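Notes to accompany the following structure.
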2 protein chains.
Amino acid sequence: MSLEAVNVHPLSGYSFIERESQPEEDNSVTARLKRLEDQYAESGIRRSVEAIMLVNVHDFPHVLVLQVANAFYKLPGGYLDPVESDSSGLITRLNEQLGVPFTPSLIHAGGDWKVGDLLGTWWRPNYDTFYYPYIPAHISQPKECKKLYLVELPPNKTFAVPVNMKLHAIPVYEFYDNAARYGPQFAGIPYILSKYGIYHQLPAETEAHGGKR
Amino acid sequence: MSLEAVNVHPLSGYSFIERESQPEEDNSVTARLKRLEDQYAESGIRRSVEAIMLVNVHDFPHVLVLQVANAFYKLPGGYLDPVESDSSGLITRLNEQLGVPFTPSLIHAGGDWKVGDLLGTWWRPNYDTFYYPYIPAHISQPKECKKLYLVELPPNKTFAVPVNMKLHAIPVYEFYDNAARYGPQFAGIPYILSKYGIYHQLPAETEAHGGKR
């Protein structure tokens, strides 16, 4: 069985402009957890979606990562309204965060982001800041389910990055065994991408062949 | 998009008998690396396949793991002849390791192991013991490609475990953030399984629904 191909294009095909600042919705961890709790009471588990978007730099796959205020890193995405589906909701969040404002609705409807495979899921069991890549035992009502999707990019595109953020392209290998720097969710990225044929020079011999060479 | 369902059955449906000892092929790390080198010279990159087989214990998914001589852990599987395909080769390795000897060839042909999704890939760039979940930069001829497949089990089955090994069912959460004990390949398992709906009580609200509740 062959490694599934994913189109990954050179970073040089993309351009980056600024858009308005997008401050965090809450000023403190306490406020953020309070909002999670209020939302849970109103509409149940929070559903979040995040995008893993790959670009090639020096022939090596990199992940597009937002850095907020020179501090923490996050994947593009966000949480959904209860009525939004994962894939159209994720496209809406991406356009809100990184889309060029005032472009035609055709593009905003998702003409150029392509939501692909579900790669992984993170669960938040309680009203605190911990997530796990499984539902811990004895947890019957997790408070958030965050899904990571592969989002394929076209070869050329303009990203509009909020002025309070930076958009970095970080090598996949940089996250490996590096939860200390990037946190557990980023440290998991190399594993969930490893089944794809995203590397420049896949040895042909990774498939069965007719006889000994 | 819904979490993909996987059939995971209770451990109580399985029984375990003994089969003949299966000592490691090499007595030392040096001998093992020498064989890798010889094989590379003869037939190119080594292709290995391993099985992630899930069972339920107390309603929580566990992974079947072999422990050799009360020492190291490994997933069932092994390496392939160049002419073997991943999936039929994996079934052959599983029958050699854990199949009941002298059972009808129908069963040995794969009547009860079902090779499913490719979950992840590990690359060994050099003739040493390190693997990575990506091909490191500047490596054009990795020496081994190890693929991890989800293997679905029937509800009932007899495993014949070599007398020099133990077959453990280890909870998925036990591997999380636990490379210190199990090594990086096991530590990656929770991530690559996280996209599946393998947990007892998935909250229904993880999908979009028609309106606010």
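All values reported here derive from a predicted model rather than from experimental measurement. Naming convention: chains lettered A, B, ... in sequence-line order (proteins, then strands); numbering from 1 in each chain.
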request  = Would you check if B/Met53 and B/Tyr14 make a side-chain contact, meaning some heavy-atom pair closer than 4.5 Å?
outcome  = no
request  = Ignoring hydrogens and angles, tell me if any N or O in the side chain of B/Lys143 forms a donor-acceptor pair with the backbone of B/Gln141 under 3.5 Å.
outcome  = yes
inquiry  = Main chain of B/Glu84, side chain of B/Arg47: is a donor-acceptor contact present, judged purely on distance under 3.5 Å?
reply    = yes
Taking only distance into account, with no hydrogens and no angle test, what donor-acceptor pairs under 3.5 Å do side-chain atoms of residues 127-137 of chain A form with protein atoms, sequence neighbours excluded?
unit_1: A/Asp128; atom_1: OD1; unit_2: A/Phe130; atom_2: N; d: 3.0
unit_1: A/Tyr131; atom_1: OH; unit_2: A/Arg124; atom_2: NH2; d: 3.4
unit_1: A/Tyr131; atom_1: OH; unit_2: A/Glu144; atom_2: OE1; d: 2.9

request  = Between chain A and each of B/Ile192, B/Ile189, B/Asp177, B/Leu148, count heavy-atom pairs under 4.5 Å; write down the option with the most.
outcome  = B/Ile192
ask   = By a 4.5 Å heavy-atom criterion (distance strictly below it), what part of B/Tyr176 contacts chain A: side chain, backbone, both, or neither?
value = side chain
query = Between A/Leu119, A/Leu80, A/Val49, which has the largest tally of heavy atom pairs under 4.5 Å with chain B?
reply = A/Leu119
